[in-house]
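Below is one structure, written out as structure tokens, with a few remarks after it.
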Amino acid sequence: MFVPGLYDVHAHLADSRLSAELPAILQRCADEMQAVLVNAARQPEWQKVLEIAQKPGMYAALGLHPFFLHEASDDWLAQLEKLVAAELQSGKLIAIGEIGLDCWDGRKQIEQQKNFLRLQLELAHKFSLPVILHNRRAWPDFFGLLKELRCSRLLGVCHHFNASRQIAKQALDLGLYISFCGPLTYTQSNRLRELAKYIPADRLLVETDCPDLPPQSQRGAQSRPWMVEEIMHCITELRRVSMSTLQEQIADNWQSLFGKQIRKVFTEIRKRK
Ligand SMILES: [Zn+2]
């Protein structure tokens, strides 16, 4: 179902900074890209994300990013579950995200963050959905939480992966995919570049985190989903593969990660006939 081309597994197209330009962005995505996974960061974005996902090639991930937990309503979990249950059969809601733990600013909120993450992981499990993970300076807490939950397999994506090779191995052992974005293309990103060579081809993904983390040629500006191409160019050089090989691999990886969600819809349609 997913054919070779450009895929962005992590873009925030519902971000209010993009409102004015959104129709033009969606048009260019439709012209140039195979698929974009639109990630929610905050509860007020959920409806907008679902609305954008109605477009061909657009998909939705709904969740709460660790930075925006304070603005969630008291009944956020019930709201999220209601939306997920209602949207699941559309084949457009294909993941729970962006969720995770962030200790960039210290560990003050870690227990609250772990609680929100646990509830969202349980929701993903309930609906058999992959997760889009944002973990920063919090990997030991993340692996510890999974252990508490007796979770030894997890389908999902480590977005903007930027940790050590040892942590990458732990994530891969769980079954997670590793996604690279703009910073990989910065000339000083030696550690990231080594990692991009190390990750097995069948676990590799690319993203822009649009409108943030622009690639080298756009530094100082905002990123856009089609800029995955620059990140892919960087990967083809690092791994010494052709662009068409990498495009095929990424389409295959989308298929093995999200294919089940899409297949479910087709089975439903067949059943109805
Ligand atoms: Zn993000």
Side-chain angles (χ1 to χ4, degrees), residues 6-19 21-22 25-26 29 33 35-53 58-72 76 80 93-105 109 113 116-117 120-121 124 129-139 142 154-163 171 176-186 189 192 204-215 218-219 221-228 230-231 250 254 257-258:
L6 300 184
Y7 289 83
D8 183 350
V9 81
H10 192 94
H12 292 282
L13 298 188
D15 190 303
S16 56
R17 287 172 286 173
L18 299 175
S19 296
E21 210 192 313
L22 189 60
I25 293 174
L26 292 176
C29 289
M33 304 196 61
V36 178
L37 181 51
V38 184
N39 279 242
R42 316 162 46 178
Q43 187 176 5
E45 289 177 347
W46 291 348
Q47 282 298 345
K48 183 81 183 162
V49 169
L50 292 172
E51 195 186 304
I52 296 171
M58 293 285 154
Y59 295 91
L62 293 191
L64 289 178
H65 183 292
F67 282 174
F68 302 104
L69 306 179
H70 61 279
E71 55 177 40
W76 69 272
L80 183 56
L93 185 117
I94 59 173
I96 298 294
E98 150 177 22
I99 62 175
L101 304 173
D102 195 314
C103 293
W104 180 256
D105 210 17
Q109 316 287 346
Q113 289 191 30
F116 274 80
L117 176 59
Q120 294 183 94
L121 286 171
L129 285 167
V131 290
I132 310 297
L133 295 167
H134 167 112
N135 286 323
R136 184 161 55 161
R137 295 193 180 175
W139 286 99
F142 175 73
L154 184 61
L155 193 61
V157 181
C158 302
H159 129 76
H160 182 16
F161 189 81
N162 197 5
L176 291 167
Y177 290 62
I178 305 286
S179 175
F180 291 99
C181 50
L184 178 71
T185 61
Y186 305 166
S189 297
L192 262 183
L204 190 66
L205 291 166
V206 289
E207 63 171 73
T208 58
D209 205 20
C210 168
D212 298 314
L213 305 174
Q218 308 288 331
R219 284 184 88 164
Q222 290 180 346
S223 70
R224 295 290 179 264
W226 47 88
M227 294 173 192
V228 287
E230 186 171 337
I231 299 151
I250 286 175
W254 267 67
L257 187 50
F258 304 119

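Read the numbers this way: they start at 1 and go in the same order the structure lists the ligands and their atoms. If you read the sequence from its start, that first residue is 1, and numbering goes on from there.
- Side-chain contact between L18 and Q222 is present, with at least one heavy-atom pair separated by less than 4.5 Å.
- Side-chain contact between P211 and R224 is present, with heavy atoms from C-beta onward closer than 4.5 Å.
- Of the candidates Q113, Q109, R136, R137, R136 is the only one forming a side chain to side chain donor-acceptor pair (under 3.5 Å) with D102.
- Considering only heavy atoms from C-beta on, I132 stays 4.5 Å or farther from Y177 through its side chain.
- Coordination check, H10 versus the Zn ion (ligand 1): passed, since an N/O/S atom of the residue sits under 2.8 Å.
- Atom OE1 is the N, O or S atom of E98 at the shortest distance from the Zn ion (ligand 1).
- At a threshold of 2.8 Å, the Zn ion (ligand 1) has no backbone or side-chain N, O or S atom of H159 nearer than that distance.
- For the Zn ion (ligand 1), the set of nearby N, O or S atoms under 2.8 Å includes one belonging to D209.
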